[in-house]
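One structure is given here, and the rest of the page talks about it.
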Protein chains: 2
Amino acid sequence: MKNIEIDEELYQHIVSNTQAIGENASSILRRLLKLDSSVQQSAPLNKNEIEATEQASLVEKSAADDTEIDIVEKFTSSGESVFNFINKEELAMQRGAVGRFLLILAALYRAHPRQFKVVTEICGRDRLYFAHTEAELEASGSSTKPKQIPESPFWVMTNSNTTRKKMMLTKAATSLGYTQADVEKIRELL
Amino acid sequence: MKNIEIDEELYQHIVSNTQAIGENASSILRRLLKLDSSVQQSAPLNKNEIEATEQASLVEKSAADDTEIDIVEKFTSSGESVFNFINKEELAMQRGAVGRFLLILAALYRAHPRQFKVVTEICGRDRLYFAHTEAELEASGSSTKPKQIPESPFWVMTNSNTTRKKMMLTKAATSLGYTQADVEKIRELL
DNA sequence: GATATGATCGTAGGGATACTTT
DNA sequence: ACAAAGTATCCCTACGATCATA
């Protein structure tokens with residue numbers, strides 16, 4: 001993802017062409033510029049079709065990268081990489097970074113429920129970032145805004161800027177054994 | 001100045017259209033979007049809007065006050081009711097009533113794109129509740145908080161309590177020809 | 001300084017409720 | 001004066017950039 005700076009008026013023009021809740025700038029601009037979008041969002045695909053498509057492209061991409069064959073095979077054979085638990089549309093629908101953050105973490109947990117506890121070691125100078133209880137996080141700082149990772153017994157600290165949330169994701173994915181390339185992909189989901 | 005986040009590929013597309021050393025993003029985008037560099041033009045109609053407009057005028061000409069028969073025929077022949085466009089999980093995921101409200105309206109629009117314009121007649125004492133543009137709603141009151149109904153050319157007024165939002169849904173569903181029982185089901189989705 | 005981390009506080013959305021109009 | 005209907009203010013919560021601190 002890249003950030004560009006544009007003037008107020010142009011910004012309003014883009015915003016006024018939003019066609020879906022939570023639609024991002026890229027999607028709007030691609031429509032306005034009549035560029036192909038990688039994901040066709042208006043097509044009435046059902047869930048199975050979407051999943052099939054996403055998995056296909058995932059395998060394709062990973063298979064092309066021969067330095068990481070071992071890990072790729074492990075993930076794809078067990079079917080347990082985060083990418084199998086990520087729903088792009090659900091992500092896109094989130095109002096802010098916190099929603100996406102939690103969704104990505106939930107996917108990581110679902111893919112690695114047993115190893116997930118290693119993320120517990122990721123923390124700041126004083127503050128804990130991940131824990132099993134809300135209270136632990138609250139006790140480690142002020143206004144940590146703990147949130148439960150959906151469908152998991154873990155909690156995360158949420159009071160940080162987006163940069164730090166990305167860093168947290170990066171560390172978590174790395175701890176769980178993802179390759180540099182996949183870590184990057186995960187980070188960019190936020 | 002505003003910052004927007006766009007994907008890598010789109011960024012490259014924009015960069016590759018630079019026409020002067022040091023040209024900024026706004027300037028490039030304005031050229032690509034064919035926007036005047038001094039005065040904001042009104043947003044060009046998108047495909048949906050154009051289609052809706054054409055369809056609307058057709059309906060107007062052919063069936064001015066026989067809307068109901070039209071609808072009944074549509075139900076029985078095509079079997080396209082809102083319930084085919086409602087995704088319960090998506091609904092449940094919404095943070096507040098506004099999100100659900102918009103999703104339900106979007107489903108109603110998808111099920112009845114041609115007849116949907118009848119909802120335009122639903123309004124309060126001064127405020128318009130539904131319209132084709134944000135500006136119309138804004139002009140009809142203060143802080144009306146207009147929101148676009150996703151994937152549709154319609155906008156709704158959003159600054160009301162939940163009770164009124166339910167009422168709006170009830171009226172909309174009724175106008176579109178749903179039975180008392182189905183109207184009730186739709187209302188309760190919110 | 002320079003860097004890393006913390007957490008305050010400005011901003012925006014949501015919608016109940018107090019207020020206004022009929 | 002009272003009620004009903006409708007409006008929009010304003011309080012609350014969430015988010016996360018930015019400034020404070022180590």
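From a predicted model like this one, the values you see are computed outputs, not experimental measurements. Lettering of chains follows the sequences in order, A, B, ..., and the numbering in each one begins at 1.
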**Asked** Donor-acceptor pair, A/Lys165 side chain versus A/Val98 backbone, under 3.5 Å?
**Response** no

In numerical order, the residues of residues 135-144 of chain B whose heavy atoms come under 4.0 Å of DNA chain D are B/Gly141, B/Ser142, B/Ser143

Which pairs would a plain distance check flag for residues 125-132 of chain A, meaning a side-chain donor or acceptor within less than 3.5 Å of a matching protein atom at least two apart in sequence or in another chain?
unit_1   : atom_1 : unit_2   : atom_2 : d
A/Arg127 : NH1    : A/Asn159 : O      : 3.2
A/Tyr129 : OH     : A/Arg164 : NH1    : 3.1

Of all heavy-atom pairs linking A/Lys117 and A/Phe154, the shortest is CA-CZ, 3.7 Å

side-chain contact (heavy atoms from CB on, under 4.5 Å) test vs B/Met168 passes for just one of B/Thr163, B/Val119, B/Val156, namely B/Val156

Within residues 151-162 of chain A, the residues having a heavy atom closer than 4.0 Å to DNA chain D are A/Asn159, A/Ser160, A/Asn161, A/Thr162

Applying side chain to side chain contact (heavy atoms under 4.5 Å, CB included) to B/Glu188 and not counting sequence neighbours gives B/Lys166, B/Glu184

| said: I'd like to know whether A/Ile4 forms a side-chain contact (heavy atoms from CB on, under 4.5 Å) with B/Asn24, so could you lay out the CA-CA distance, the side-chain angles of the two residues, the decisive distance to 0.1 Å, and finally the verdict. | reply: CA-CA 9 Å; A/Ile4 63 175; B/Asn24 64 30; over 6 Å; no

Salt bridge (Lys or Arg N to Asp or Glu O under 4.0 Å) pairs touching residues 132-146 of chain A, sequence neighbours excluded, are none

Applying salt bridge (Lys or Arg N to Asp or Glu O under 4.0 Å) to B/Asp182 and not counting sequence neighbours gives B/Lys185

For B/Thr174, the side chain to side chain contact (heavy atoms under 4.5 Å, CB included) test, sequence neighbours excluded, returns B/Thr170, B/Val183

* Donor-acceptor pair, side chain of B/Ser152 and main chain of B/Ile149, under 3.5 angstrom -> yes

Of all heavy-atom pairs linking A/Leu108 and A/Leu169, the shortest is CD1-CD2, 4.5 Å

To the nearest 10 degrees, the angle between the two end axes of the helix from C/dT3-D/dA22 to C/dT22-D/dA3 (five pairs per end) comes to 40°

So, with a heavy-atom separation below 4.0 Å from DNA chain D, the residues of residues 100-109 of chain A are none

The first and last nucleotides of DNA chain C lying within contact of chain B, meaning any atom under 4.0 Å from one of its heavy atoms, run from C/dG14 to C/dT22

Min and max contacting nt of DNA chain D in 5' to 3' order, chain B heavy atoms within under 4.0 angstrom, are D/dG6 to D/dC15

Within residues 123-130 of chain A, the residues having a heavy atom closer than 4.0 Å to DNA chain C are A/Gly124, A/Arg125, A/Asp126, A/Arg127, A/Tyr129

query = Within a radius of less than 6.0 Å around CD of A/Glu5, do more than 12 heavy atoms belonging to other residues, nucleotides or ligands occur?
reply = yes

